[in-house]
There are 2 protein chains.
Amino acid sequence: MSIKILIVDDHPLVLEGLKSLLTDCEGIEVVGTASNAIDAISFLKTNEVDIAFLDINLPDISGIDLCKKIKEQYPNVKTLALSTFNERAYVSRMIQNGASGYLIKSSGKEDILEAIRQVQAGGYFMNVNFDQATSSAPPKTVPFLTRREKEVLILIAEGLTNPQIAEQLFVSVTTVNTHRQNLLMKFEVSNTASLIKLAAGLGLI
Amino acid sequence: MSIKILIVDDHPLVLEGLKSLLTDCEGIEVVGTASNAIDAISFLKTNEVDIAFLDINLPDISGIDLCKKIKEQYPNVKTLALSTFNERAYVSRMIQNGASGYLIKSSGKEDILEAIRQVQAGGYFMNVNFDQATSSAPPKTVPFLTRREKEVLILIAEGLTNPQIAEQLFVSVTTVNTHRQNLLMKFEVSNTASLIKLAAGLGLI
DNA sequence: AATAATATCCTATAAAAGCATGATTTTTCA
DNA sequence: TGAAAAATCATGCTTTTATAGGATATTATT
């Protein structure tokens, strides 16, 4: 019996690429693909799946939430996060939500097969060998940001001032300022310029 | 005669995905793939290629430089930049180096085929439908910066304040401030956050 | 040599950001 | 249900930025 795989990703290229890589393999069968969370859930309703590959960024809900939902409704389905290099920060939350590991989208065929083997055997797989020429990207760890902090960060990056952000979010200026100070603290910087540069480098904005 | 395609990308998934998407198509033939610039160049030495898909980020040299090299050595080979959403800033430099357009990696099959058709016909293809919330970000062109402005910009991005920059460059604070204002003007933004975000997006810092 | 572009400097004001300290309410989750 | 985390708000103060109005010297460039 071959391992049944569902791939959920909104990038046709990734979908096709994974499918193409996996269909040649013994004992592995791609039984379905979905480009959003809704389709993924409804596919699971009517099909048996062993492992679901979940993109972290999906058009409707995030892969992180989707992972949680799948684990709640279909605890037997193992999940593997698909992330880009810049999204490794979010991986830990996928794991918290029950994922069995993660694959960087730039992984090679061997990594992918190894991941499937590990996960199917009940283990975890984290591919940590970022061989990419990280160039100038500082190996900083991405600080954990709350929902509100992310919102504020994005609005700052868009050039809004505290008063404007406050208006947009329907909160007081002091609240925005607090979030802002927390962002500076978490990123270990002392002004907006450094903050935005770091956040941009990490792909957060 | 079918259109001969070379794909250069260091992500196996993208390579496989594109290949898989294109091999089904009439009149299109993927004659080769490469995961770095060296292999790409040596492939061109011995093979005929109509269109080369070039990833912007390659392990050895950047796709931008590779594009230039290809255009110098093989002017008949048309090139198409492959970029992620976050790399669209670099696209303009690819175009300057002779590329016939660019494709976002999250493009669908239709976009890709349309791009090939356009380019083969001697035209350009830019897929501009960023369904992602592009917010307010217009496809800005890189403003011309003087030597001093670039220096100041970098120091701002490093988190230095005007007084610190002044000290570093042995000029007065008012001079630094003037350069700073000129940067804001040239980038058409009104604060540091936007400035740094734009500059980072354009690869200037 | 004349012009244009660049770099330098100044004063002055208003707006925004940064920093410290503290507190209350709401959510989340074990 | 109770603790922890997150989100909210406040006050006061200092520093930095943003904006506006100049001015002069130094390089290129034609």
Side-chain angles (χ1 to χ4, degrees), chain A residues 61-62 64-65 67-69 71-72 75 89-90 92-99 142-200 204-205, chain B residues 142-199 205:
Chain A
I61 67 171
S62 82
I64 294 169
D65 294 332
C67 181
K68 200 172 173 182
K69 258 203 184 104
K71 278 289 156 183
E72 283 166 10
Y90 298 97
S92 63
R93 265 181 284 169
M94 288 285 272
I95 306 292
Q96 278 171 24
N97 284 349
V142 183
F144 173 78
L145 300 183
T146 68
R147 182 193 105 253
R148 217 45 163 173
E149 282 161 359
K150 267 184 252 170
E151 288 174 354
V152 171
L153 174 60
I154 286 168
L155 294 174
I156 292 172
E158 281 178 9
L160 303 205
T161 66
N162 282 349
Q164 290 170 328
I165 295 171
E167 200 184 354
Q168 183 115 52
L169 298 180
F170 302 106
V171 295
S172 85
V173 178
T174 61
T175 301
V176 175
N177 198 46
T178 303
H179 289 310
R180 193 170 193 137
Q181 301 310 319
N182 290 336
L183 282 167
L184 293 180
M185 212 175 42
K186 289 188 176 181
F187 278 88
E188 296 177 58
V189 295
S190 61
N191 60 33
T192 302
S194 309
L195 174 69
I196 298 299
K197 188 194 166 195
L198 252 182
L204 295 176
I205 52 179
Chain B
V142 184
F144 171 78
L145 301 183
T146 68
R147 182 194 104 255
R148 215 46 163 172
E149 283 162 358
K150 268 183 245 171
E151 286 174 355
V152 171
L153 174 60
I154 286 169
L155 294 175
I156 293 172
E158 282 179 7
L160 303 204
T161 66
N162 284 349
Q164 291 170 327
I165 296 171
E167 200 184 355
Q168 184 114 51
L169 299 180
F170 303 107
V171 294
S172 86
V173 178
T174 61
T175 301
V176 175
N177 198 46
T178 302
H179 289 310
R180 191 171 194 135
Q181 300 313 316
N182 289 338
L183 282 167
L184 293 180
M185 213 174 41
K186 288 189 175 179
F187 278 90
E188 295 177 58
V189 294
S190 60
N191 61 32
T192 302
S194 308
L195 174 69
I196 297 300
K197 187 195 167 193
L198 254 181
I205 51 178

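Every chain is numbered from 1, with letters handed out A, B, ... down the list of sequences. This one's a predicted model, so the numbers in the text were calculated from it and none came from an experiment.
For the residue pair B:Thr174 and B:Asn177, no side-chain donor N or O sits within less than 3.5 Å of a side-chain acceptor on the partner. Between the side chains of B:Thr175 and B:Arg148, not a single donor N or O lies within less than 3.5 Å of an accepting N or O.
Residue A:Lys197 holds its NZ atom at 11.0 Å from CG of A:Asn191, rounded to the nearest 0.5 Å. Of the inter-residue distances, the one linking B:Leu198 atom CG with A:Ile196 atom CD1 reads 11.5 Å to the nearest 0.5 angstrom. Rounded to the nearest 0.5 angstrom, A:Leu195 CG and A:Leu153 CG are separated by 5.5 Å. Atom-to-atom distance recorded for A:Lys150:NZ and A:His179:NE2 is 13.5 Å, nearest 0.5 angstrom. To the nearest 0.5 Å, the span separating CG on A:Asn182 from CG on A:Leu145 amounts to 10.0 Å. Rounded to the nearest 0.5 angstrom, A:Ile156 CD1 and B:Thr192 OG1 are separated by 12.0 Å.
Atom CD of A:Gln181 sits in a crowded spot, with more than 12 heavy atoms from other residues, nucleotides or ligands closer than 6.0 Å. Environment of CD in B:Glu167: sparse, with no more than 12 heavy atoms of neighbouring residues, nucleotides or ligands closer than 6.0 Å.
The separation between A:Glu151 atom CD and D:dT8 atom C1' is 14 Å, rounded to whole Å. One can place CZ of B:Phe187 at 14 Å from P of D:dA18, the figure rounded to the nearest angstrom. When rounded to the nearest whole Å, the span between NZ of B:Lys150 and C1' of C:dA7 equals 15 Å. The separation between A:Asn177 atom CG and D:dT15 atom P is 17 Å, rounded to whole Å.
For the helix from C:dA1-D:dT30 to C:dA30-D:dT1, the axis fitted to the five pairs at one end and the axis fitted to the five pairs at the other end meet at an angle of 70° (nearest 10 degrees).
Contact annotation: B:Ser190 does not reach the phosphate of D:dA18 (side-chain N/O to OP1 or OP2, under 4.0 Å). Taking 4.0 angstrom as the limit, A:Arg147 places none of its side-chain polar atoms (N or O) nearer than this to OP1 or OP2 of D:dA6.
Heavy-atom distances under 4.0 Å link DNA chain C to B:Val171, B:Ser172, B:Thr174, B:Thr175 of residues 154-175 of chain B, given in residue order. Of the residues in residues 178-186 of chain B, those placing a heavy atom less than 4.0 Å from an atom of DNA chain C are B:Thr178, B:His179, in numerical order.
Just one of A:Val176, A:Ile165, A:Leu169 meets the side chain to side chain contact (heavy atoms under 4.5 Å, CB included) condition when paired with A:Leu160; it is A:Ile165.
Using a 4.0 Å heavy-atom cutoff across all strands shown, A:Asn191 reaches sugar-phosphate atoms only and no base atom.
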